[in-house]
Participant: 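Below you will find the structure I want to go over with you.
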Amino acid sequence: MNPIKHVAIIMDGNGRWGEKYKNSRNAGHKAGVNTVEIVMNESIKKKIQYLTLYAFSTENWKRPKKEITFLFTLLENFLIKKIDQLIKGGIKIRFIGNLKILPKKLQKTMKMAEKKTSINNKLEVNIALNYGSKSEIINAIKVINKNQKKITEKNIEDNLYTKNIPNPDILIRTGNTQRLSNFLLWQLAYTEIFFEKKLWPDFNKKDFKNFLNKFKSLKRNFGLI
Ligand code: FPP
């Protein structure tokens, strides 16, 4: 059986869900937070060590300002309201991406969450914010060049945001779209990818468990025979 250490998720379909059921894209983002909690809890139950969630891409800045502000506020409120629950649950929060240009108030809350959960070790939740994989790789290469090191796989990996995190075993993308959207392009080289038609707020515990079981039944040979 294949152990599952790391699950990455592109949580797509919030906007469509919100428009369909509540006539508001932002209502979809709010509903999406419930699914985040379901997936976090189930990951702990299944002894998954890392969960990486794509919450905001570098391309998402093209969205209306109102939606961007709503998303940042939603995340900030989640971190403030749920911090005790996260600590008790043994969840370690980490952020990956170009974080320096995010609103200062949000950055402060992010740092608080990282600090208060830093000693937890049941599940590490990496939240990708203002994340773009191509710029992550370019930055890694720039650092290697600056330090006059060789361009090797190891040196590139050591300079990605995901340094010391094993590559994802599984990528799930909800929302009936089959693309990677500049997410973890390097790290997903050997990852099993599952596309889900359901929109993220409709994705449930059973759907998540089904993908974990499908993965377990796969024979992974990494190019060997
Ligand atoms: C993609 O759906 C979703 C996002 C850009 C935001 C995801 C964010 C959350 C679920 C909240 C984050 C909170 C935590 C706690 C990590 P979309 O808006 O692109 O949907 P669409 O394709 O239907 O327009």
Side-chain angles (χ1 to χ4, degrees), residues 7-44 48 50-87 89 91-99 102-103 105-107 109-114 116-117 120 123-133 161 171-184 195-205 207-208:
V7 176
I9 306 183
I10 302 178
M11 310 179 286
D12 196 14
N14 287 347
R16 278 168 284 161
W17 189 96
E19 270 166 10
K20 189 172 165 195
Y21 296 105
K22 311 266 178 187
N23 204 20
S24 140
R25 289 182 54 83
N26 287 346
H29 294 309
K30 195 167 166 220
V33 176
N34 297 333
T35 314
V36 168
E37 290 195 81
I38 291 171
V39 167
M40 278 185 190
N41 292 334
E42 201 49 35
S43 297
I44 293 178
I48 290 164
Y50 303 90
L51 183 65
T52 300
L53 304 172
Y54 204 5
F56 194 85
S57 71
T58 44
E59 289 75 26
N60 285 152
W61 291 106
K62 291 178 201 142
R63 294 189 177 205
K65 194 168 177 282
K66 243 175 105 183
E67 183 170 339
I68 298 174
T69 308
F70 185 88
L71 272 169
F72 290 161
T73 309
L74 189 66
L75 177 65
E76 204 177 329
N77 289 343
F78 171 84
L79 295 170
I80 293 169
K81 271 196 205 149
K82 302 283 174 172
I83 191 70
D84 290 336
Q85 217 169 298
L86 295 168
I87 296 169
I91 294 175
K92 178 176 180 170
I93 298 283
R94 244 184 65 152
F95 293 92
I96 59 169
N98 181 5
L99 308 175
L102 292 168
K105 196 162 152 269
L106 174 62
Q107 285 192 50
T109 308
M110 288 158 56
K111 281 192 186 122
M112 174 281 291
E114 283 187 330
K116 286 198 171 172
T117 63
N120 289 349
L123 173 70
E124 182 170 319
V125 177
N126 302 302
I127 302 176
L129 261 190
N130 193 24
Y131 174 87
S133 185
Y161 298 123
L171 171 77
I172 297 170
R173 180 173 189 147
T174 58
N176 200 19
T177 303
Q178 305 194 353
R179 57 171 175 259
L180 295 180
S181 302
N182 202 15
F183 188 48
L184 304 176
F195 293 109
E196 165 63 53
K197 286 205 170 82
K198 281 187 184 176
L199 306 173
W200 178 246
D202 288 330
F203 188 69
N204 60 34
K205 192 160 101 174
D207 300 322
F208 187 55

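Both backbone and side-chain heavy atoms feed into the values below; hydrogens, waters and symmetry mates do not. Read the numbers this way: they start at 1 and go in the same order the structure lists the ligands and their atoms. Residue indices begin at 1 and follow the sequence shown.
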Participant: Is any N or O atom of Tyr54, backbone or side chain, closer than 3.5 Å to an N or O atom of ligand 1?
Facilitator: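 Min N/O separation from ligand 1 is not below 3.5 Å for Tyr54.
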Participant: Quick one: nearest non-hydrogen protein atom to atom 6 (C) of ligand 1, plus distance?
Facilitator: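 Nearest protein contact, heavy atoms only, for atom 6 (C) of ligand 1 is Ala55 O, 3.3 Å.
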Participant: Could you check whether Glu67 pairs with Arg25 (Lys NZ or Arg NE/NH1/NH2 to Asp/Glu carboxylate O, under 4.0 Å)?
Facilitator: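 Looking at Glu67 and Arg25, the cut-off is met.
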Participant: Looking only at distances, please establish whether an N/O atom of ligand 1 is found under 3.5 Å from an N/O atom of Asp12.
Facilitator: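 Yes, at least one N or O pair falls under 3.5 Å.
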Participant: Compute the shortest N/O to N/O distance between Val33 and ligand 1 and return yes if it is under 3.5 Å, no if not.
Facilitator: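 Min N/O separation from ligand 1 is not below 3.5 Å for Val33.
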Participant: Give a yes or no answer on whether the side chain of Glu42 reaches the backbone of Lys205 with a donor-acceptor pair at less than 3.5 Å.
Facilitator: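 Between the backbone of Lys205 and the side chain of Glu42 there is no qualifying donor-acceptor contact (under 3.5 Å).
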Participant: Considering only non-hydrogen protein atoms, determine which one is nearest to atom 21 (P) of ligand 1 and report residue, atom name and distance to 0.1 Å.
Facilitator: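 Scanning the protein heavy atoms, the shortest distance from atom 21 (P) of ligand 1 goes to Arg16 NE, 3.6 Å.
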Participant: Answer yes or no: does atom NZ of Lys198 have more than 12 heavy-atom neighbours from other residues, nucleotides or ligands under 6.0 Å?
Facilitator: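 Counting other residues, nucleotides and ligands, NZ of Lys198 exceeds 12 neighbours.
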Participant: Please state which part of Leu199 comes within less than 4.0 Å of ligand 1, counting heavy atoms only: side chain, backbone, both or neither.
Facilitator: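 No part of Leu199 comes within reach of ligand 1.
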Participant: Please say whether Arg63 places an N or O atom under 3.5 Å from an N or O atom belonging to ligand 1.
Facilitator: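 Indeed, backbone or side chain, Arg63 has an N or O that close.
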Participant: Main chain of Tyr131, side chain of Tyr161: is a donor-acceptor contact present, judged purely on distance under 3.5 Å?
Facilitator: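 A pair under 3.5 Å: no.
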Participant: What orientation do His29 and Phe70 show, parallel under 30°, tilted 30 to 60°, or perpendicular over 60°?
Facilitator: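 Rings of His29 and Phe70: tilted, 30 to 60°.
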Participant: Relative to atom 24 (O) of ligand 1, which among Glu19, Arg25, Met11 owns the nearest non-hydrogen atom?
Facilitator: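 Heavy atom nearest to atom 24 (O) of ligand 1 belongs to Arg25.
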Participant: Quick check on Gly13 - does any of its heavy atoms sit under 4.0 Å from an atom of ligand 1?
Facilitator: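 The answer is yes: ligand 1 sits under 4.0 Å from a heavy atom of Gly13.
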Participant: So if I count the atoms of ligand 1 from 1 in the order they appear, which ones are less than 4.0 Å from some heavy atom of Leu71?
Facilitator: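 Those atoms are 6 (C), 8 (C).
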Participant: Thinking salt bridges, do Arg94 and Glu114 make one under a 4.0 Å N-O criterion?
Facilitator: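 Answer for the salt bridge query: no.
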Participant: Under 4.0 Å from a heavy atom of Phe78: which atoms of ligand 1 are those, numbered in the order shown and with their elements?
Facilitator: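 Ligand 1 atoms under the 4.0 Å threshold to Phe78: 15 (C).
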Participant: Could you tell me if the side chain of Thr52 sits less than 4.5 Å from the side chain of Val7, heavy atoms only?
Facilitator: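 A side-chain contact is absent here, since even the closest heavy-atom pair is not under 4.5 Å.
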Participant: Would you check the N or O atoms of Asn14, main chain and side chain alike, for any that come under 3.5 Å of an N or O of ligand 1?
Facilitator: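 Yes, there is a polar N/O contact under 3.5 Å.
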Participant: Regarding atom 14 (C) of ligand 1: of the candidates Leu75, Asn60, Asn34, which has the closest heavy atom?
Facilitator: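 Selected option, by shortest heavy-atom distance: Leu75.
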Participant: Judging by distance only, is a nitrogen or oxygen of Leu74 under 3.5 angstrom from one on ligand 1?
Facilitator: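 No, there is no polar N/O contact under 3.5 Å.
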Participant: What orientation do Trp17 and Tyr21 show, parallel under 30°, tilted 30 to 60°, or perpendicular over 60°?
Facilitator: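 Aromatic pair Trp17/Tyr21 classed tilted.
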Participant: So Phe56 and Leu71, do their side chains get closer than 4.5 Å, heavy atoms only?
Facilitator: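 The answer is yes, as the side chains (C-beta and beyond) meet within the 4.5 Å cut-off.
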